[in-house]
Protein chains: 4
Amino acid sequence: MGAVKTKRMPRAVREQQMLDAAVEIFGQRGYMAASMDEIAELAGVSKPLVYLYLNSKEDLFTACIRREASALVDAVRSGVRTDLPADRRLWDGLLAFFAHTAAHPHAWSVVHLQARTHGETFAAEAAAMREEIVAFVTHLIAVGAREAHRDPDLPEREVAGLAEALVGAAESLAVWANATEGVTARQAAATLMNFAWAGLGDLTQGRSWSPPPAADDVGHA
Amino acid sequence: MGAVKTKRMPRAVREQQMLDAAVEIFGQRGYMAASMDEIAELAGVSKPLVYLYLNSKEDLFTACIRREASALVDAVRSGVRTDLPADRRLWDGLLAFFAHTAAHPHAWSVVHLQARTHGETFAAEAAAMREEIVAFVTHLIAVGAREAHRDPDLPEREVAGLAEALVGAAESLAVWANATEGVTARQAAATLMNFAWAGLGDLTQGRSWSPPPAADDVGHA
Amino acid sequence: MGAVKTKRMPRAVREQQMLDAAVEIFGQRGYMAASMDEIAELAGVSKPLVYLYLNSKEDLFTACIRREASALVDAVRSGVRTDLPADRRLWDGLLAFFAHTAAHPHAWSVVHLQARTHGETFAAEAAAMREEIVAFVTHLIAVGAREAHRDPDLPEREVAGLAEALVGAAESLAVWANATEGVTARQAAATLMNFAWAGLGDLTQGRSWSPPPAADDVGHA
Amino acid sequence: MGAVKTKRMPRAVREQQMLDAAVEIFGQRGYMAASMDEIAELAGVSKPLVYLYLNSKEDLFTACIRREASALVDAVRSGVRTDLPADRRLWDGLLAFFAHTAAHPHAWSVVHLQARTHGETFAAEAAAMREEIVAFVTHLIAVGAREAHRDPDLPEREVAGLAEALVGAAESLAVWANATEGVTARQAAATLMNFAWAGLGDLTQGRSWSPPPAADDVGHA
DNA sequence: CATGAATGAGTTTTCATTCAT
DNA sequence: CATGAATGAAAACTCATTCAT
């Protein structure tokens with residue numbers, strides 16, 4: 001499992017090996033439970049070298065988040081062709097997303113779970129990436145509405161909430177798919193696409209569900 | 001904030017005070033960063049007493065997860081009346097869910113975030129509760145389909161995926177609502193309900209989105 | 001040498017034991033070369049206890065400096081009776097000083113050497129005590145001049161320099177006496193007293209040595 | 001500040017550059033807090049080269065002490081002309097001493113402070129030089145007594161103590177002058193000369209201060 | 001010669017946990 | 001019951017020092 005003990009590698013290569021090891025350990029044990037000793041051992045180097053290249057546990061973790069967040073965003077972007085219609089673009093994006101999170105479960109754990117549970121600094125780092133994805137999805141929803149030639153003025157705030165819900169659902173499904181034996185990226189994407197596109201279609205066509213009067217909200221503290 | 005230092009309380013009460021303190025600290029600092037010293041101090045008792053009643057940090061954390069998970073499930077259950085139609089039941093459930101998570105942010109942090117980021121044991125504990133909620137939603141979807149008198153045979157696996165997506169979206173929205181100034185439980189519920197019920201409605205009526213052939217899945221590692 | 005391993009001592013006592021050990025180690029090895037491990041072992045306690053009571057290596061060192069500086073000043077003060085003439089007071093002060101530094105060589109090393117070689121913070125701590133001693137000596141010189149009924153207006157700046165030189169000479173002699181076999185406190189005091197009081201006497205009576213014109217200062221960079 | 005990066009300098013030159021850097025860093029940070037990395041960087045050479053030329057941190061420090069101690073002794077010697085009377089020789093020596101320590105504060109810190117606070121080995125190195133100076137002063141005192149044609153038999157032991165006190169006072173004044181804004185070498189020398197020569201004069205002429213009977217020594221531990 | 005790559009050994013510090021009273 | 005006293009075990013981080021190129 002650990003990298004083969006090879007001597008005298010150029011710095012850039014060693015750094016990637018260290019990040020590989022760190023992502024695996026951080027993803028498995030969590031940020032705090034992960035020990036630099038373990039990471040160094042898995043990377044096949046001594047601890048001082050890790051500190052020489054990555055400075056501190058915090059910096060190492062930040063570097064992991066950045067690398068994996070970028071990799072995920074890139075994967076989604078590369079999966080989408082801008083010359084296709086909106087629904088197809090959403091589908092391709094979801095597929096790429098679920099494929100990447102399935103292929104790199106530790107990375108997904110780091111970016112989605114660990115980064116968000118250990119302080120604002122790390123959370124902000126991951127949030128930056130998430131925003132890119134949310135923006136991408138928001139754009140697709142708006143375009144989708146326009147392509148359907150209906151309700152071109154779906155209110156912005158509403159769209160933001162929908163995008164948030166859609167991305168949230170995707171994130172949760174990714175965790176679920178990783179944890180559940182036998183669920184493929186395609187299946188996860190299909191489930192969500194079905195769920196989402198129909199609902200979005202309805203909305204863009206003016207059909208919506210109306211809540212009962214606020215009175216019955218009372219009683220929940 | 002910490003319980004007033006009173007002598008000779010019945011064990012059950014003292015235990016609840018300790019759990020209150022523990023939930024607050026665990027929710028704020030995270031499992032590992034929380035120190036037993038701090039918890040004991042906030043609870044207004046001596047450290048050995050915490051150990052006498054709760055055995056260990058792990059057991060204490062587990063007890064927190066169990067108590068808060070149950071409280072959340074109970075809150076959702078109490079919010080729903082079985083004599084109402086499915087869509088209304090879903091609405092009421094969501095409302096109760098968002099209201100509870102907003103009212104107890106530390107508890108929600110413990111159950112949703114901390115429990116899932118510090119090892120399988122704790123994750124399993126939280127997963128048990130989650131399953132109850134997923135089952136509840138699954139039931140609602142099935143009933144909803146039946147009430148609509150259409151497609152009574154929506155495949156089980158499909159329904160499971162939909163419930164999972166819906167619950168996942170709700171969880172994400174809860175985090176988002178807690179973190180975003182000015183988003184009420186009602187608004188969060190409305191956003192999700194709109195999104196979900198329309199999509200579900202379509203599905204139960206046989207309209208669905210068809211993915212392109214699997215060939216283009218290739219290339220995503 | 002190390003304190004006998006006794007269990008369950010009151011905090012105040014343990015703290016003194018720790019300070020005793022710390023002074024010995026710091027005095028012997030120097031601040032940086034001293035390890036908390038060694039100090040704890042010599043004190044007969046575990047390292048965590050040292051940290052529980054003294055917080056950090058810096059705080060521990062500061063506590064040592066304060067305790068030993070106070071002890072030295074107190075020793076000198078207690079050795080002097082205000083109802084005696086100035087020369088006798090100076091003699092008694094010197095005697096007390098050399099006796100104390102000889103009896104507590106590690107403490108003297110800490111206060112005089114270590115405190116001054118490891119950063120401004122520690123140096124300031126020791127300087128505070130030194131100032132008390134310098135002030136005491138300055139006072140004695142002034143009083144001595146007055147008692148001699150001559151030159152009551154010895155300039156302040158001059159007196160300050162003299163006190164500084166006298167204290168400096170005493171400090172150096174203390175180190176020398178500690179390092180040289182067979183030099184007693186009495187002898188050290190006598191040497192310095194002889195040297196100083198005669199010189200001071202001359203000065204207070206207007207005899208002084210006149211340097212040659214400044215021209216020949218040139219050439220020394 | 002650091003030497004300009006030039007290639008292929010003769011070994012002797014490179015060594016001096018390294019020592020320059022080392023003295024600066026050791027003087028500023030102290031022996032233990034100084035890092036070989038920092039020294040190598042300031043010297044403008046790679047770390048392995050420092051080891052190639054100077055062997056180890058200990059050896060490097062020793063080399064610094066030796067070089068700077070010699071430089072100081074040389075400075076004092078060069079400042080003194082043997083054809084002048086004793087008092088003038090003492091004055092010139094002091095002037096050279098204070099001028100040198102003021103011009104090379106890091107060097108003075110290394111020789112006087114650092115060398116004495118980090119173990120016997122280094123202390124002995126510095127002590128060797130100090131002895132030369134003490135011998136020089138001892139000689140001056142003896143000659144001074146003879147020139148005054150009185151008490152040619154001032155006991156040796158006494159003279160040694162006096163020389164020690166004088167040198168100690170000079171050392172302390174040097175530190176004080178370096179730390180105090182606006183004190184020139186001339187002023188420091190004048191203060192000490194005045195203080196010392198008068199006192200010595202008295203002594204060489206048989207006037208001395210007599211301590212009270214030893215009885216009252218009792219009680220100082 | 002010169003240097004980038006690499007590490008063994010040690011440092012300070014923290015924490016969950018347990019006795020003795 | 002309640003608590004002050006105490007610790008074993010481990011974690012993050014640093015540094016003098018050495019090869020291979």
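Letters go in sequence order (proteins before strands), and every chain restarts at 1.
Ring geometry for Tyr31(D) against Phe61(D) counts as parallel: the plane angle stays under 30°, on a 0 to 90° scale with 60° as the upper cut.
Looking at Asp59(B) and Arg66(B), no side-chain N of the basic residue comes within less than 4.0 Å of a carboxylate O on the acidic one, giving no salt bridge. A salt bridge between Glu41(D) and Lys47(D) is absent, with no side-chain N of the basic residue lying under 4.0 Å from a carboxylate O of the acidic one.
Atom CD in Glu41(C) sits about 14 Å away from atom P in dT12(E), given to the nearest Å. In this entry the distance linking CE of Met9(A) with C1' of dT7(E) reads 17 Å, nearest Å. Going from atom CD of Gln17(C) over to atom P of dA5(F) covers 13 Å, rounded to whole Å.
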Contact pattern, 5' to 3', of nucleotides 16-21 of chain F - B, S or - by protein heavy atom under 4.0 Å: SBBBS-
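Residue Ile65(D) is tested with Leu60(D), Val110(D), Val23(D) for a side-chain contact (heavy atoms from CB on, under 4.5 Å); the sole match is Val110(D).
Trp108(B) has its ring centre no less than 6.0 Å from the ring centre of His104(B).
Note on Arg14(A): every side-chain N or O is 4.0 Å or more away from OP1 and OP2 of dG4(E).
For dC15(F), the paired nucleotide is dG8(E), the pair qualifying as Watson-Crick or G-U wobble because both relevant distances are below 3.5 Å. The pairing partner recorded for dA20(E) is dT3(F), the criterion being a Watson-Crick or G-U wobble arrangement whose two distances lie under 3.5 angstrom.
Residues His106(D) and Glu24(D) share a closest heavy-atom pair of CD2-CG, 3.8 Å.
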